[in-house]
Amino acid sequence: MTKLVENSKSLRLQNKLSHQIVAEHLKITKAVYGKFELGTTEPPVKLIIKMADLYNVSIDELVGRQFTPNGQVISQLLMKKEMTKEINVLVKQLGNQFIQSKEADIVKRMKQKFD
């Protein structure tokens, strides 16, 4: 059960509203609202906004979203990007070192063979 489903039902019951009243406010049928509350379908964003307004809560609260302050998500993405760059540089360096060691080994073997 999603947080949206749990919160929709909980807020409706706390406010002593029927399916019919909520559905009328949202301008949908009672059956369609029932599907939202059962979690068989998800409401479009416009209806989520109307539901948040109806219950006087934020959309984040309604859907159970945990806000990440201070751009932490962006910081994490940038850190991953930097780590990926560093890993790529290391892989390239290791690849070059491997190639150089193999070239040196080949040159050594050729010298031994022709000397």
Open item on the list: Between His25 and Met51, is the side-chain contact (heavy atoms from CB on, under 4.5 Å) condition met? List the steps.
Closed with: CA-CA 9 Å; His25 174 77; Met51 290 168 67; over 6 Å; no

Task: side-chain contact (heavy atoms from CB on, under 4.5 Å) between Leu54 and Asn15, intermediate numbers included - done: CA-CA 10 Å; Leu54 172 67; Asn15 288 282; over 6 Å; no

Open item on the list: Please determine whether side-chain contact (heavy atoms from CB on, under 4.5 Å) holds for the pair Lys9 and Arg12, giving the CA-CA distance in whole Å, both sets of side-chain angles, and the decisive distance to 0.1 Å.
Closed with: CA-CA 5 Å; Lys9 185 174 183 176; Arg12 182 180 60 77; 4.2 Å; yes

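Heavy-atom neighbours of Glu24 CD from other residues, nucleotides or ligands within 6.0 Å: above the threshold of 12. With a 6.0 Å radius and a threshold of 12 heavy atoms from other residues, nucleotides or ligands, Asn56 has its CG atom at or below the threshold.
For Asp105 (side chain) and Ser101 (main-chain N/O), no donor-acceptor pair under 3.5 Å exists by modelled atom type. Under a 3.5 Å cut-off, the side chain of Glu61 and the backbone N or O of Ser58 do form a donor-acceptor pair.
Under the side-chain contact (heavy atoms from CB on, under 4.5 Å) test applied with Phe36, the options Ile28, Val5, Val22 reduce to a single match, Ile28.
Looking at heavy atoms from C-beta onward, Tyr55 lies out of side-chain contact with Asn7 at the 4.5 angstrom threshold. Side-chain contact between Lys50 and Lys27 is present, with at least one heavy-atom pair separated by less than 4.5 Å. Inter-residue side-chain proximity for Glu6 and Lys3 is flagged as met; some heavy-atom pair is nearer than 4.5 Å. Side-chain atoms of Tyr33 and Ser8, non-hydrogen and from C-beta on, do get closer than 4.5 Å to each other.
Atom CD in Glu37 sits 6.5 Å away from atom CG in Leu13 (nearest 0.5 Å).
One hydrophobic cluster, built from ILVMFWY side chains closer than 4.5 Å, cannot hold both Val89 and Ile87; they sit in different ones. Residue Phe98 is not grouped with residue Val91 when hydrophobic side chains (ILVMFWY) are merged at heavy-atom distances under 4.5 angstrom, including chains of intermediate members. Taking hydrophobic clusters as Ile, Leu, Val, Met, Phe, Trp and Tyr residues chained together by side-chain heavy-atom distances below 4.5 Å, Ile99 does not share a cluster with Met110. At a threshold of 4.5 Å between side-chain heavy atoms, the hydrophobic network of Ile, Leu, Val, Met, Phe, Trp and Tyr places Leu11 and Val32 in one connected group. Criterion: ILVMFWY side-chain heavy atoms under 4.5 Å apart, direct or through other members. Under it, Leu38 and Ile21 are not part of a common hydrophobic cluster.
Shown here are the side chain to side chain contact (heavy atoms under 4.5 Å, CB included) partners of Ile48, two or more places apart in sequence or in another chain: Leu4, Pro43, Ile59, Leu62, Val63.
Residue pairs that meet the side-chain hydrogen bond (donor to acceptor under 3.5 Å, both in side chains) test with at least one member in residues 82-92, sequence neighbours left out, do not exist here.
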